[in-house]
Structure formats: structure tokens, C-alpha cells
Engineer: 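Handing you a structure now.
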Amino acid sequence: MLQIYNTLTRQKEIFKPLKPGKISMYVCGITVYDYCHIGHARVLVAFDVITKFLRSQNWGVTYVRNITDIDDKIIRRANENGEEYTELTKRFIDYMHEDETRLGIARPDIEPRATAYINQILDMNKALIDKGYAYAASNGDVYYRVTRFADYGKLTNKNVDELLVGARIEVDEIKEDPRDFVLWKGAKAGEPAWKSPWGNGRPGWHIECSAMSKHCCGDTFDIHGGGPDLPFPHHENEIAQSEAANSCKYVNYWMHAGAVRVDGEKMSKSLGNFFTIRDVLEKYHPEVVRFLLVSSHYRSPINYAEDNLIEARTGLDRFYGALRDYVDVVPTPLSDLTESNYYKAFVDAMNDDFNTRVALAGMYDLVRDLNNASKADPALAIRLAGELKALGLILGILQENPAVFLQAGSSDQISAGEVERLIAERIQAKKDKQYARADEIRKALTDSGIVLEDSRDGTTQWRRE
RNA sequence: GGCGCGAUAGCAAAGCGGUUAUGCGUCGGAUUGCAAAUCCGUUGAGCCCGGUUCGACUCCGGGUCGCGCCUCCA
């Protein structure tokens, strides 16, 4: 039984799909004017794991994640660079896809872009104007009448009357009410623009998601997800737009990922304290980054720090260490695991609001049993290795060749070939009972970040720290 | 000022009204030429003050502290 924490009701709820066995999910994606940072990676990985798990449980998931490819920041950045905004967005969309691929994130089923949905956006604007929820201002902007929508604030518990108090809302004579937000922006000279009944312009930020989700998921859909900074105003405004325009409930379950912090502060572009995915992948294996993100619950804040990455690496080393002798074992089909207690524990944890942390705790139990079986019961060990890989597959981890992973550490000051050569020399020294020489070689390798592990059969395996 | 989240052992991080979370680390043992890895064991929690209860880390109330949103931000 699947339970999901719903931001709207602020509690965990039993998930009930609109259509039996199906889930329509729309997640707010990236505004493409810069490299993705770790905060983006968290949302991307979280919903990737969620999708993979749901599919593993035979839910028919339609996963939609949009790309915002027109907005003020994009225009400004393109101007700074002296290029067309489309060149800028194309480049950063490509970079985003590269980052996703490296982190093992599968593409969503549909990846709609705002600029491809201008007609739908215009249609929704017209509908909102016709129904009296929106108005065209004198400058070509179209605004949403926040006070017209009775449920405004229901997602984030805002009181419309109090929105003005203490809030930093700029007064603007163009608007009827300072709380109104823009649906369509009239174009200034030289700005990218599309024709509209209100003059040339471009969509406001919130309306694109209402239009694209309607088109891709329907007027009402199951799950809407996004980052920690989106509930207000973005998702609140989406609700106002969609429910007013479509005259029905917009979304059943709202899901929001937790923030990634640096030194206790939220990592964000506006604070400038962000690490791009690329920065981090220079130093850490992509799976280490993914493991770090998976090893805490998706709603908890996590701290981005070197120590936590090292810890993630240590955790993965344990998994891959256990799998090292089972390179050829493939993930067991889940249909063969219905009696497995490991699998049951895993599914129970994941069904409970996607509790990856608890799921991993069970996988560590499996690792221990696998390590024991390695010595005592080879057939059992092979079976357990297959189970472990099957669970890892759902989380998007543990599919690498273990030796390759373990030898791909951060310290590359010595080549694999050189390591192998020294190991061969050390094995000979050991055979000759030249232990001083053997230890000398091992010491030298240790200093280069290489850890040796002698086996009973006289071979030596190695890994980078 | 409004709304919301959190406070768990050396660190990280979960569930749970009474029964081992888990990982890393520590310490001891097995194993090893010595190590590493592995295994076995060990260590050690629940911000403060009240209340409910036979019993609370877990529920309720009140504090304190931290964080997020209220403006573009995943």
C-alpha cells in the first residue's frame, strides 16, 4: 500500500490513483540559463527514484518534467553573452541532459518546453479572462486577480488578506491589486515575443506549467512535484490558474523535495553558494553523488559537505566490496523475489513515502548475509548478489562493475598499470618471504591512495580510497 | 509579522507508545606473515519544562534553538 506525504494536507496519505494502476506525474524542471547545481540534482534524482520504484511495482507511470526555456533570466543572460536566447537554452538543455545521464537519471516520458506551448498558454489566458479571473492591463501585460480565487493560499496556508502585510510585494500602478501576478508579459523592444490578443509578449512563469500539465496530464492529475522553493508562489499560482480555468481540482498529491544546504544555508542561485553537478563530478564518482542523495529521505534537508560525500563513497564501497566476486550475476527479476524478505522490507520502506534510508538499511542486512554466504554457501551467495543488484537497480545504483568502481577513486596520481605491476612484484616478494619488501610496496601504494586486499588464494585485489 | 519544518548517540540518519534501526567511527575478538576487507561482539540517543499513560524518544501543551517560504530560485 503506497503512502505519500501530501504538501497540501501536510500529512501522509494512502495513495489513490485517478485511474486504477496508473499515475500521472508532473514535476517542475529547470530554467535553462546556467549549469545545474546539486539542488537540481536532488529533485532530479528524487523523482527518478520515485518513478523507477513505482514502475517496479507495476504502476503505469506517465512522468512529465518541463523545461522553462523562456524567462527574464534567460533573456538577460543571453544579452550578456551577446547571443540568441535559443542558443543559450539549447546549450544548457544539452548540459542538463549530460548531467542527468552521468547521474543515471532516466529521461521523463515527456519533456515539454514552454516555448512549444505558447498556443495552449494563450488559450488558458483567454479562458481566465473570459471567466473574470484575469485582465489585460494597459501595458500589454495580463494579470491574475488573486482575490477572485476563493481558495487562494490553500497549498501553503496563506491568508490572502495577510499577503500584503510584511511581504515584499512591490506596488505597481499597472496592476489592480499588488498581489496579482503576471500571466503574460508585454514585450519590450528587442525581447523575444509571440503574438497575442494583448500585443506581442511572452508567458509569465506560472502559466506555462498550468498549460503544459493540462496538455500532458489532463485537467486533474495524480502527482505534482518540485523543489523546496516552489510551493509559494509558483504552485499556489498554478492551482489558482488551473482550477479557475478548468473548473476542477488541479492536483491530488503535491510532493516537494527538501533543500540541499551548504553550511546550514540553502544552496541556491540567488545566494550564489551553489556547487554545479559538474564541479562535484570532477572530484567524485557520479554514483557517489547519487548515493548521497538517495541515502537520506527526499523531504529532509541535506547538507552538502565533503565529509558526506566521503561517507557516501564508504557506503558504496561496502556494497561493491560485497559484489566484487559476482561480476556476472545479473539483477534477479522482481517477479522471482515475491518470497524474499529483503525485497519485502525494501518495498515496505519505499511504499512508505519512498523511505530510501530505511530501504538502504535493509540492503545493508543483505550485504552482511551475502558476505557470510560468500564463505559458507556459494549458491546462496550468488542468489543474494542477484537480489542486491535487483534492489540497487530500483534505486539506480550498484550496476557498475565492482572492480571498476572500486578502482575509480579520487586519487589518480598512480596509474592502474603501475599498481598492477607493483602488486605483482609484491606477490613475488611474499612468495619469497621478503615481507619487508612486500610491506614497503604496500606502504608506497597506501601513500598513493591505493588499498590492497590480499585474498586467501594468494591474489591481491586493490581499490582507491 | 504570517505560514511551515526540524531538534535522536562522536558523526550521518530512520521507524516506533513498551521489543536491535542502519551506516561510519570507537573498543575487543576471529581471520591475516603483518595489514586491508570480512565476520562476531562492544560502545553509545532522543533540546528544556510540564501533562496524558501502568509505561513516552514516540502523543498533548508551553518554552528554547535552528531552518525554509512569504521576491527570481529545485
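Throughout, a chain's letter reflects where its sequence line sits, starting with A, and its residues are numbered from 1. Everything numeric in this text was worked out from a predicted model, so none of it was measured.
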Engineer: Report which part of the nucleic acid A:P231 touches: base, sugar-phosphate, or nothing (heavy-atom distance under 4.0 Å, all strands).
Structural biologist: nothing
Engineer: Indicate, with a heavy-atom threshold strictly under 4.0 Å, whether A:L230 touches base, sugar-phosphate, or nothing.
Structural biologist: sugar-phosphate
Engineer: Does B:C39 have OP1 or OP2 under 4.0 Å away from a side-chain N or O of A:N372?
Structural biologist: no
Engineer: With a 3.5 angstrom cut-off on both distances, give the Watson-Crick or G-U wobble partner of B:G61, or none if there isn't one.
Structural biologist: B:C49
Engineer: Just N and O in the side chain of A:K443: are any of them under 4.0 Å from OP1 or OP2 of B:C34?
Structural biologist: no
Engineer: NA contact type, A:G226, heavy-atom cut-off 4.0 Å: base, sugar-phosphate, or nothing?
Structural biologist: sugar-phosphate
Engineer: Indicate, with a heavy-atom threshold strictly under 4.0 Å, whether A:D454 touches base, sugar-phosphate, or nothing.
Structural biologist: base
Engineer: Does A:V49 reach the side chain of A:M350, with side-chain heavy atoms less than 4.5 Å apart?
Structural biologist: yes
Engineer: Using atom CE of A:M255 as one end and atom P of B:A74 as the other, report the distance to the nearest whole Å.
Structural biologist: 19 Å
Engineer: Provide, to the nearest angstrom, the distance between the CG atom belonging to A:N355 and the C1' atom belonging to B:G23.
Structural biologist: 14 Å
Engineer: Return the value, rounded to whole Å, for the distance between atom NZ of A:K154 and atom P of B:C69.
Structural biologist: 24 Å
Engineer: Just call it for A:R76: base, sugar-phosphate, or nothing, with non-hydrogen atoms closer than 4.0 Å on any strand.
Structural biologist: nothing
Engineer: When all nucleic acid strands are considered with a 4.0 Å heavy-atom cut-off, which category describes A:H37: base, sugar-phosphate, or nothing?
Structural biologist: base
Engineer: Scan A:K430 against the nucleic acid and name what it touches under 4.0 Å (heavy atoms): base, sugar-phosphate only, or nothing.
Structural biologist: base
Engineer: For a quick check of understanding: with a heavy-atom distance under 4.0 Å over all strands, which category does A:G153 fall into, base, sugar-phosphate or nothing?
Structural biologist: nothing
Engineer: If the P atom of B:U64 is compared with that of B:U22, how far apart are they to the nearest Å?
Structural biologist: 36 Å
Engineer: Between A:V27 and A:V64, is any pair of side-chain heavy atoms under 4.5 Å apart?
Structural biologist: no
Engineer: At less than 3.5 Å, do the side-chain atoms of A:R10 and the base atoms of B:C5 form a donor-acceptor pair?
Structural biologist: no
Engineer: Are A:R437 and A:E440 within salt-bridge range, i.e. N to O under 4.0 Å?
Structural biologist: yes
Engineer: Write down the distance between CD (A:E162) and C1' (B:C69), rounded to a whole number of angstrom.
Structural biologist: 15 Å
Engineer: Applying a 4.0 Å non-hydrogen cut-off, can you work out what A:S270 is touching in the nucleic acid: base, sugar-phosphate, or nothing?
Structural biologist: base
Engineer: Decide yes or no, distance alone: a donor-acceptor N/O pair under 3.5 angstrom between the base of B:A74 and the side-chain of A:R42.
Structural biologist: no
Engineer: Less than 4.0 Å between a side-chain N and a carboxylate O, is that true for A:K154 and A:E236?
Structural biologist: no
Engineer: What contact category does A:Y364 fall into here, base, sugar-phosphate, or nothing, at under 4.0 angstrom with non-hydrogen atoms?
Structural biologist: sugar-phosphate
Engineer: By the 4.0 Å heavy-atom rule, please label A:R456 as base, sugar-phosphate, or nothing.
Structural biologist: sugar-phosphate
Engineer: Would you say A:H40 and A:E100 are linked by a side-chain donor-acceptor pair, where the criterion is simply a distance under 3.5 Å?
Structural biologist: no
Engineer: With a 4.0 Å cut-off on heavy atoms, is A:A259 in touch with a base, just the backbone sugar-phosphate, or nothing at all?
Structural biologist: base
Engineer: Looking at A:E453 and A:R324, is any side-chain nitrogen of the basic one under 4.0 Å from a carboxylate oxygen of the acidic one?
Structural biologist: yes
Engineer: With sugar-phosphate meaning primed atoms plus P, OP1 and OP2, does A:V260 contact a base, only sugar-phosphate, or nothing at under 4.0 Å between heavy atoms?
Structural biologist: base
Engineer: Can you find a donor-acceptor pair, distance only, under 3.5 Å between A:D439 side chain and B:G33 base?
Structural biologist: yes
Engineer: Regarding A:G362, tell me which of base, sugar-phosphate or nothing describes its non-hydrogen contacts under 4.0 Å with the strands shown.
Structural biologist: nothing
Engineer: For the side chain of A:N303 and the base of B:C11, is some donor closer than 3.5 Å to an acceptor across the two?
Structural biologist: no
Engineer: Return the nucleotide paired to B:C67: Watson-Crick means purine N1 to pyrimidine N3 with N6-O4 or O6-N4, wobble means G-U with N1-O2 and O6-N3, both under 3.5 Å.
Structural biologist: B:G4
